[in-house]
Amino acid sequence: MFCYQCQETARNTGCTVRGVCGKVENVAALQDLLIYTLKGISEIVIKDHVATELCGSLNIDVIESLFMTITNANFDEEAFESQIKKMIVARDGIRQSRDGLSDAATFRVSSRESMIEKAQSVGVLSTDNEDIRSLRQLIIYGLKGMAAYTEHAERIGFRDSDIFSFVYEALAATLNDQLSVDDLVALTIKTGEYGVNAMALLDQANTTRFGNPEITTVNLGVRENPAILISGHDLVDLEQLLEQTKDQGVDVYTHSEMLPAHYYPVLNKYEHLVGNYGNAWWKQLEEFESFHGPILFTTNCIVPPRNPEIQARIFTTGAAGFPGCKHILSDDKGLKDFSEIIELAKTLAPPEQIESGTIVGGFAHNQVIMLADKIVEAVKSGAIKKFFVMGGCDGRMKSREYYTNFAQALPPDTVILTAGCAKYRYNKLPLGDIGGIPRVLDAGQCNDSYSLAVIALKLKELFEFEDINDLPIAFNIAWYEQKAIIVLLALLSLGIKNIHLGPTLPAFLSPNVATVLVEKFGIAPIGTVEDDVALFMGQ
Ligand code: SF4
Ligand code: SF3
């Protein structure tokens, strides 16, 4: 196997024996073949001029396939085998002839063994030129993140067929040997532009369905009732779970990236949505142990459970999957039956308290813009010197302590804008407030990085700056998986420069591609806390 799509890749070069995330060789192979099949489908759509509108459910199936291959979303060989079969049938259904098409659009496989064998020649390393390989993968990883956000919007009934068309265009381009490095750099930025569209679409979907996020205090402690823990990013799953647990004597707690669900008035109104339990995804094994109740994964990030008792309490749905864990499917109306989880919860002990107190969040664009006068005043008076966008992901590497230390080392006249699970590195620190404005403003999930961009654009307008880079805002982003890649590409496409990225630069950036990103966009790796604070404050 060869996989280098996430920040925790082995030796920061690539996982070759087994993923650091727990992904085994066969799953890696099946993921490679699934992506290859999607490239073949895209080639047919582009070459045969198949209108995206005519692709019907294929559009969504392509999006779901991409989503399934995101880091630590799905570890289930069977799920990938059946998805590949489904996509090959779909591919052959839209193909008019085999003339002029590549192997990706025409290959045949029958058994899982033949899929795994075929995958050996179609993975990341099948592109010899390291710069072309690097850019092709950068685009594919961006598309995976975009797919996740597009799928969430789709579940709420929001769709933009231009996004589907772009996904086909970009995937087909990764098969095209005629494209130069410059062509692929341009396509990378275009991927970021569509990333902005996908996040805007999801923002519109979420706020239309669940209301605009509001400043909300979230409990960290527990109650006496048995309970279900819900993780991942899918708010529709949470809403259905809350409806089905109503008056059942079962509480619901959020974990990791589900925390921002509390900020939406339509979700927060459920009295049995009690609080947030624990921290970012990578702490789940110990936190699931003390939680005692069932856990529902709606998306990534799953850490393979080692304890069979915990594994028996884990359920997956949507793009998530783990062998041996029950997977909940939706019916043709998009409804999911969570009764098995609820009944299991009733037989189990209530959660053990591991923390107490509260945290405050809900600073998405609408809420922050409502505070705009106060913020502008604080900047003008000098009470706020600088904003730091510190969104992105958390992860288990010790080097991520940098983000806690960085947040602590920032001068007291600075404000952190965050989104994504990166926040867990500093959202429980006593950083105080500036005239009533908390020093950590949490906009929401990683997709709500869109909110941070909207806020930056609003500030640019209010302060009448020509260039977004003239604002007193610095970007120090942490990344782990591919949603952070689309967030990064989205920020680049908006013209944001000098983003610091850590804790390491992606292994999939070849030296030449990294140089292009440094020269064109001023991207830089993190340094020491002291140097970076001095650098950013002096900027
Ligand atoms: Fe390795 Fe990350 Fe790929 Fe998992 S997703 S196999 S940890 S590079
Ligand atoms: Fe987190 Fe997995 Fe990236 Fe959504 S849940 S930000 S890592």
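For ligands, and for the atoms within them, numbers begin at 1 and follow the listed sequence. As the structure is a prediction and not an experimental result, all values here were calculated from the model.
Between Glu355 and Lys428, at least one side-chain nitrogen of the basic residue sits less than 4.0 Å from a carboxylate oxygen of the acidic one, meeting the salt-bridge criterion.
Taking every heavy atom of Cys3 and a limit of under 4.0 angstrom, the matching atoms of ligand 1 come to 3 (Fe), 5 (S), 6 (S), 8 (S). Each of the following atoms of ligand 1 lies closer than 4.0 Å to a heavy atom of Thr71: 5 (S). Atom numbering of ligand 2 starts at 1 in the shown order; those under 4.0 Å from a heavy atom of Cys393 are 3 (Fe), 6 (S), 7 (S). Close approach of ligand 1 to Tyr4 is summarised as follows: ligand atoms under 4.0 Å from at least one heavy atom of the residue are 8 (S). Ligand-side atoms of ligand 2 in range of Trp281: 2 (Fe), 7 (S), range being under 4.0 angstrom from any heavy atom. Every atom of ligand 2 with a heavy atom of Cys301 under 4.0 Å away is listed here by number and element: 2 (Fe), 5 (S), 7 (S). Close approach of ligand 1 to Thr9 (heavy-atom distance below 4.0 Å) involves ligand atoms 8 (S). With ligand atoms numbered from 1 in the order given, ligand 1 contributes 1 (Fe), 6 (S) to contacts under 4.0 Å with heavy atoms of Gly19. Taking a cut-off of under 4.0 Å to the non-hydrogen atoms of Cys15, the atoms of ligand 1 that pass are 1 (Fe), 6 (S), 7 (S), 8 (S). Of all the atoms in ligand 2, the ones that sit under 4.0 Å from a non-hydrogen atom of Cys446 are 4 (Fe), 6 (S). Which parts of ligand 2 touch Tyr480 is read off a 4.0 Å heavy-atom cut-off, strictly below it: atoms 7 (S).
Contact between Cys21 and Pro304 at its shortest, heavy atoms only, is O-CD, 3.3 Å.
When heavy-atom distances to ligand 2 are checked against a 4.0 Å cut-off, His233 comes that close only through its side chain, counted from C-beta outward.
Summarising the contacts of atom 4 (Fe) of ligand 1 with Cys21, Ala10, Gly14, the nearest heavy atom is found in Cys21.
Coordination check, Glu481 versus atom 3 (Fe) of ligand 2: passed, since an N/O/S atom of the residue sits under 2.8 Å. Under 2.8 Å from atom 1 (Fe) of ligand 2 lies an N/O/S atom of Cys421, whether from backbone or side chain.
Between Phe388 and Phe475, the gap from one ring centroid to the other reaches at least 6.0 Å. In summary, the aromatic rings of Phe166 and Phe164 are positioned with their centroids too far apart to meet the 6.0 Å limit.
Between His152 and Tyr149, the ring planes are tilted. Angles from 30° to 60° get that label. In this structure, Trp281 and Tyr480 have parallel ring planes: the angle between them is below the 30° cut-off, well short of the 60° mark.
Within the 3.5 Å criterion, the main-chain N or O of Thr71 finds a donor-acceptor partner in the side chain of Gln482. In this structure, Thr216 contributes its side chain and Glu214 its backbone to a donor-acceptor pair below 3.5 Å. The main-chain N or O of Asn12 is never found under 3.5 Å from a side-chain atom of Thr9 such that the two would form a donor-acceptor pair. The backbone N or O of Gly420 sits less than 3.5 Å from a side-chain atom of Lys423, completing a donor-acceptor pair.
Of the protein's non-hydrogen atoms, Glu257 CG, 3.3 Å is the one closest to atom 5 (S) of ligand 2. Among all non-hydrogen protein atoms, the one lying nearest atom 2 (Fe) of ligand 1 is Cys6 SG, 2.3 Å.
Between the side chains of Gln204 and Arg209, no donor N or O sits under 3.5 Å from an acceptor N or O.
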